[in-house]
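Hydrogens, waters and symmetry mates are skipped; everything else that's a heavy atom, side chains included, is used.
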Amino acid sequence: EVQLVESGGGLVQPGGSLRLSCAASGFTFSSYAMSWVRQAPGKGLERVSAINNGGVSTNYVDSVKGRFTISRDNAKNTLYLQMNSLKPEDTAVYYCALGFRVFSSWGQGTQVTVSS
């Protein structure tokens with residue numbers, strides 16, 4: 001039913017940028033808040049960013065404020081995460097998730113590796 005497919009991950013040097021995308025289907029995308037969640041090697045899940053259904057309200061974990069930007073295109077049923085000034089500490093699998101703080105569905109994840 002609900003499908004969330006992340007893309008855009010890869011290997012990047014410190015200070016570089018990546019843009020992640022999440023293609024959503026199986027539900028009325030414009031009616032739901034969405035989030036990005038990440039899991040670094042050997043660590044637990046961390047909520048990175050969230051956005052309300054209309055894209056007016058956003059939230060970021062302190063460690064990415066000023067560097068990451070969450071956005072959405074409801075006409076394309078797509079969620080985005082623009083990541084700038086990347087640090088090795090950002091290395092993780094990034095997942096898009098349905099919800100703001102409580103998540104009912106999530107994608108398969110896309111790997112982001114920040115390394116020299």
Verify, without hydrogens or angle tests, whether [X] (side chain) and [Y] (backbone) share a donor-acceptor contact under 3.5 angstrom.
X	Y	result
Gln111	Gly10	no
Glu46	Val37	no
Ser35	Phe100	yes

Which distance, rounded to the nearest 0.5 Å, do you find between the [atom1] of [X] and the [atom2] of [Y]?
X	Y	atom1	atom2	answer
Cys22	Glu6	SG	CD	5.0 Å
Leu45	Lys43	CG	NZ	13.0 Å
Gln3	Ser25	CD	OG	4.0 Å

Is it the case that one hydrophobic cluster holds both [X] and [Y], taking links as side-chain heavy atoms less than 4.5 Å apart, direct or via other members?
X	Y	result
Ile51	Leu20	yes
Leu18	Val48	yes
Val2	Met34	yes
Val61	Tyr94	yes
Val114	Met83	yes

Heavy-atom pair with the smallest gap, counting every atom of [X] and [Y]:
X	Y	result
Ser17	Asn84	OG-OD1, 2.9 Å
Ala97	Phe103	CB-CD2, 3.6 Å
Val93	Gly109	CG1-CA, 3.9 Å
Gly26	Glu1	O-OE2, 2.7 Å

Heavy atoms of other groups near Phe27 CZ, more than 12 under 6.0 Å: yes
Sequence neighbours excluded, every pair satisfying salt bridge (charged side-chain N to carboxylate O under 4.0 Å, His left out) that has a member inside residues 65-81: Asp62-Lys65, Arg67-Asp90
Summary of side chain to side chain donor-acceptor pair (under 3.5 Å) pairs that have at least one residue in residues 49-59, sequence neighbours excluded: none
Matching residue for Arg38 among Thr91, Val64, Leu81 - test: side chain to side chain contact (heavy atoms under 4.5 Å, CB included): Val64
Name of the residue among Leu4, Leu98, Asn74, Ile70 meeting side chain to side chain contact (heavy atoms under 4.5 Å, CB included) with Leu79: Ile70
Tyr60 ring center within less than 6.0 Å of Phe68 ring center: no
